[in-house]
Amino acid sequence: MPKALITGVTGQDGSYLTEFLLSKGYEVHGIIRRASTLNTSRIDHIYQDPHEKNYRLALHFGDLSDANTIRKLIYKVQPEEIYNLGAQSHVRVSFDIPEYTANIAGLGTLRLLEAIKDYEEDTNHKVKFYQASSSEMFGATPPPQSEATPFYPRSPYACAKVFAYHTTRNYREAHNLFAVNGILFNHESERRGETFVTKKITRGIARILTGIDKKLYLGNLNAKRDWGYAPEYVEAMWKMLQQPTPEDYVIGTGESHSVKEFVETAFELAGLNWRDYIEIDPKYYRPTEVESLVADTKKAKEKLGWEAKTKFKDLIARMLKHDLESHGLKEKASQI
């Protein structure tokens, strides 16, 4: 039974990846941060009591800022695969807490790779490492963006991810680690965090329809992104680690849509006129904006045999239906 260790296991991608790996027969170990309130809602449905026989999902307290604990967990778990999905991943927030963002998203990757290097040297046990890189690294570089496109980061988050990307490549080349970068473009789902713009929109519509809110406040509506469906993207992560040689891959849909298009589509599905409810609040603007991101997915299609399936409107419909149902609007959701 192969073992996988996942940082960021309680996040959107971590929860879907855990489900996927369990379906493949893996034993999965997830790292969670200690907090006074549990943040495991995305994986509660697959949680397994460690007192049960043959359980295959174990959770461990740890933090990417704590090199000693990370090192201990790798030696304890002895994983064949490590997926580094943990980060302070909200781009706008990274301008407010840049040092913390860089410490977790940037140096956290270095801590993991250094621990893997030492573990392989001590035990002669090979580990495959996946680094969650981001399309935000391309920043101001014109689209479409491929594996060969130069980076032009426009936020502390993106800068930290560029550091992590190059660190991963360096450990691959300098220490012969099986380490890959998955450069994933925006991917959303019913489990997306509430402060991300796509979730703000679909959840905001549900709150408007229930009378909780009268307006939805957003920032730049003209930014264009390549939006896909998160459960499909975790399969691409796994496929990268099943290749004979470690390489970096861009993952996306190859289509671009603006935030305004997302708003228009979501409100139209709900039977509302978005202009009656959307207000622009400058506090949601980024000091430096990323105008347009579109993935060039040729390499992923050719080498991984992977391509996105869920279309833009279907993605929005999935998210909106979920948020309507969670707000007690099941009849309205059935009409989506």
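Each residue takes its place number in the sequence, starting with 1.
Ionic pairing of D248 and R172 is present here: one or more N-O contacts between side-chain nitrogen and carboxylate oxygen are shorter than 4.0 angstrom. Between E255 and R225, none of the side-chain N atoms (NZ, or NE/NH1/NH2) sits under 4.0 Å from a carboxylate O, so this pair counts as no salt bridge.
Counting heavy atoms from C-beta on, the side chains of L324 and K330 never come closer than 4.5 Å. You'll find the side chain of R318 reaches within 4.5 Å of the side chain of Y229, heavy atoms only. Annotation: side chain of K128 is not in contact with side chain of M240 (no heavy-atom distance under 4.5 Å). Side-chain contact check for M237 versus F20: every heavy-atom pair is 4.5 Å or farther apart. Residues L221 and E261 fail the side-chain proximity criterion, which asks for heavy atoms closer than 4.5 Å. Here the side chains of E247 and V180 are not in contact, with every heavy-atom distance at 4.5 Å or above. At a threshold of 4.5 Å between non-hydrogen side-chain atoms, the residues I6 and L21 count as touching. Residues L85 and V9 have side chains not in contact (no heavy-atom distance under 4.5 Å, counting atoms from C-beta outward).
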> Between I183 and M137, does a side chain to side chain contact (heavy atoms under 4.5 Å, CB included) hold up when you go through it step by step?
Replying inline: CA-CA 9 Å; I183 308 174; M137 300 187 304; 4.1 Å; yes
>> What verdict does the side chain to side chain contact (heavy atoms under 4.5 Å, CB included) test give for Y83 and T7, after you've listed the backbone C-alpha separation in whole Å, the side-chain angles of each residue and the deciding distance to 0.1 Å?
In response: CA-CA 6 Å; Y83 296 85; T7 71; over 6 Å; no
>> For a side chain to side chain contact (heavy atoms under 4.5 Å, CB included) check, start with the C-alpha distance between V77 and H60, then their side-chain angles and the critical distance, and finish with the verdict.
In response: CA-CA 10 Å; V77 174; H60 309 269; 4.0 Å; yes
> Passes side chain to side chain contact (heavy atoms under 4.5 Å, CB included), L22 versus E27? Steps please.
Replying inline: CA-CA 7 Å; L22 288 174; E27 179 180 310; over 6 Å; no
> So D314 and T310, side-chain hydrogen bond (donor to acceptor under 3.5 Å, both in side chains) or not? Walk me through it.
Replying inline: CA-CA 6 Å; D314 294 332; T310 303; over 6 Å; no
> Could you walk me through whether S94 and Q88 pass the side-chain hydrogen bond (donor to acceptor under 3.5 Å, both in side chains) check?
Replying inline: CA-CA 7 Å; S94 75; Q88 190 302 100; 5.0 Å; no
>> Does R111 form a side-chain hydrogen bond (donor to acceptor under 3.5 Å, both in side chains) with N103? I'd like the steps, not just the answer.
In response: CA-CA 10 Å; R111 295 180 185 107; N103 187 20; 2.6 Å; yes
>> Run E289 and R286 through salt bridge (charged side-chain N to carboxylate O under 4.0 Å, His left out) and show every step you take.
In response: CA-CA 6 Å; E289 182 59 84; R286 301 179 187 180; 3.8 Å; yes
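Smallest separation of non-hydrogen atoms from I251 and A300: CD1-CB, 3.7 Å. The minimum heavy-atom distance linking H187 with Q12 is given by the pair O-NE2, 3.1 Å. Of all heavy-atom pairs spanning L110 and T167, the tightest one is CD1-CG2, 3.8 Å. Shortest non-hydrogen contact noted between V294 and S256 is CG2-CB, 3.3 Å. Considering all non-hydrogen atoms of both residues, D281 and Y217 come closest at CB-CB, 4.3 Å. Of all non-hydrogen atoms in F185 and Q145, the two that sit nearest each other are CE2-OE1, 3.6 Å.
In this structure, I31 CD1 and N84 CG are separated by 8.5 Å, a value rounded to the nearest 0.5 Å. Within the model, atoms NZ of K309 and OG1 of T253 stand 13.0 Å from one another, a figure rounded to the nearest 0.5 Å. Put simply, OG on S292 and CG on N222 are 11.5 Å apart, with the number rounded to the nearest 0.5 Å. Rounding to the nearest 0.5 Å places CD of E194 at 9.5 Å from OG1 of T202. Between the NZ atom of K76 and the OG1 atom of T69 there is a distance of 11.0 Å, given to the nearest 0.5 Å. To the nearest 0.5 Å, atom CG of residue L112 and atom CD of residue Q131 are 8.5 Å apart.
Side-chain contact check for D122 and Y75: at least one donor-acceptor pair (N or O, by modelled atom type) lies under 3.5 Å.
Judged by distance alone, with hydrogens and angles left aside, the side-chain atoms of E114 form no donor-acceptor pair with the main-chain N or O of I116 at under 3.5 Å. A donor-acceptor pair is defined here as one N or O able to donate and one able to accept, closer than 3.5 Å; no such pair exists between the side chain of D213 and the backbone of K215. No side-chain donor-acceptor contact under 3.5 Å links E279 to the backbone of L218. Using modelled atom types, one side-chain atom of E147 and one backbone atom of V250 make a donor-acceptor pair closer than 3.5 Å. Here the side chain of S258 pairs no donor or acceptor atom with the backbone of K224 at under 3.5 angstrom. A donor-acceptor pair under 3.5 Å is absent between the side-chain atoms of D296 and the main chain of S146, judged by distance alone. In this structure, K24 contributes its side chain and E19 its backbone to no donor-acceptor pair below 3.5 Å. A donor-acceptor pair is defined here as one N or O able to donate and one able to accept, closer than 3.5 Å; such a pair exists between the side chain of E80 and the backbone of K3. Listed for the K199 side chain is a donor-acceptor partner under 3.5 Å among the backbone atoms of E190.
Within 6.0 Å of NZ on K311 lie no more than 12 heavy atoms contributed by other residues, nucleotides or ligands. For K239, the NZ atom counts as densely surrounded, since its 6.0 Å shell holds more than 12 non-hydrogen atoms of other residues, nucleotides or ligands. In the displayed structure, E173 atom CD is contacted under 6.0 Å by more than 12 heavy atoms of other residues, nucleotides or ligands. Environment of CD in E331: sparse, with no more than 12 heavy atoms of neighbouring residues, nucleotides or ligands closer than 6.0 Å. Within 6.0 Å of CD in E99 there are 12 or fewer heavy atoms belonging to other residues, nucleotides or ligands. Surrounding CG of N124 are at most 12 heavy atoms belonging to other residues, nucleotides or ligands under 6.0 Å away. For OH of Y285, the number of neighbouring non-hydrogen atoms (other residues, nucleotides, ligands) closer than 6.0 Å is greater than 12. Atom CZ of R71 is surrounded by more than 12 heavy atoms from other residues, nucleotides or ligands within 6.0 Å.
In terms of hydrophobic clustering, with Ile, Leu, Val, Met, Phe, Trp and Tyr side chains grouped at heavy-atom distances under 4.5 Å, L64 and L177 are assigned to a common cluster. I316 and I278 fall within a single hydrophobic cluster, where Ile, Leu, Val, Met, Phe, Trp and Tyr side chains are chained together by heavy-atom contacts under 4.5 Å. I70 and I32 sit in two unconnected hydrophobic clusters of ILVMFWY residues. Membership requires side-chain heavy atoms under 4.5 Å apart, directly or through other members.
Here the two rings, on Y119 and H125, have centers that are under 6.0 Å apart.
None of W306, Y16, Y249 except one satisfies the ring pair (Phe, Tyr, Trp, His ring centres under 6.0 Å) rule with Y233; the exception is W306. For the ring pair (Phe, Tyr, Trp, His ring centres under 6.0 Å) criterion with Y165, the lone passing option out of F138, F151, Y171 is F151.
Figure legend: cation-pi geometry between R56 and Y26 absent, as NZ or CZ is not positioned both under 6.0 Å from the six-membered ring centre and within 45° of its axis. Geometrically, K313 does not engage F262 in a cation-pi contact defined by less than 6.0 Å to the ring centre and at most 45° from the axis.
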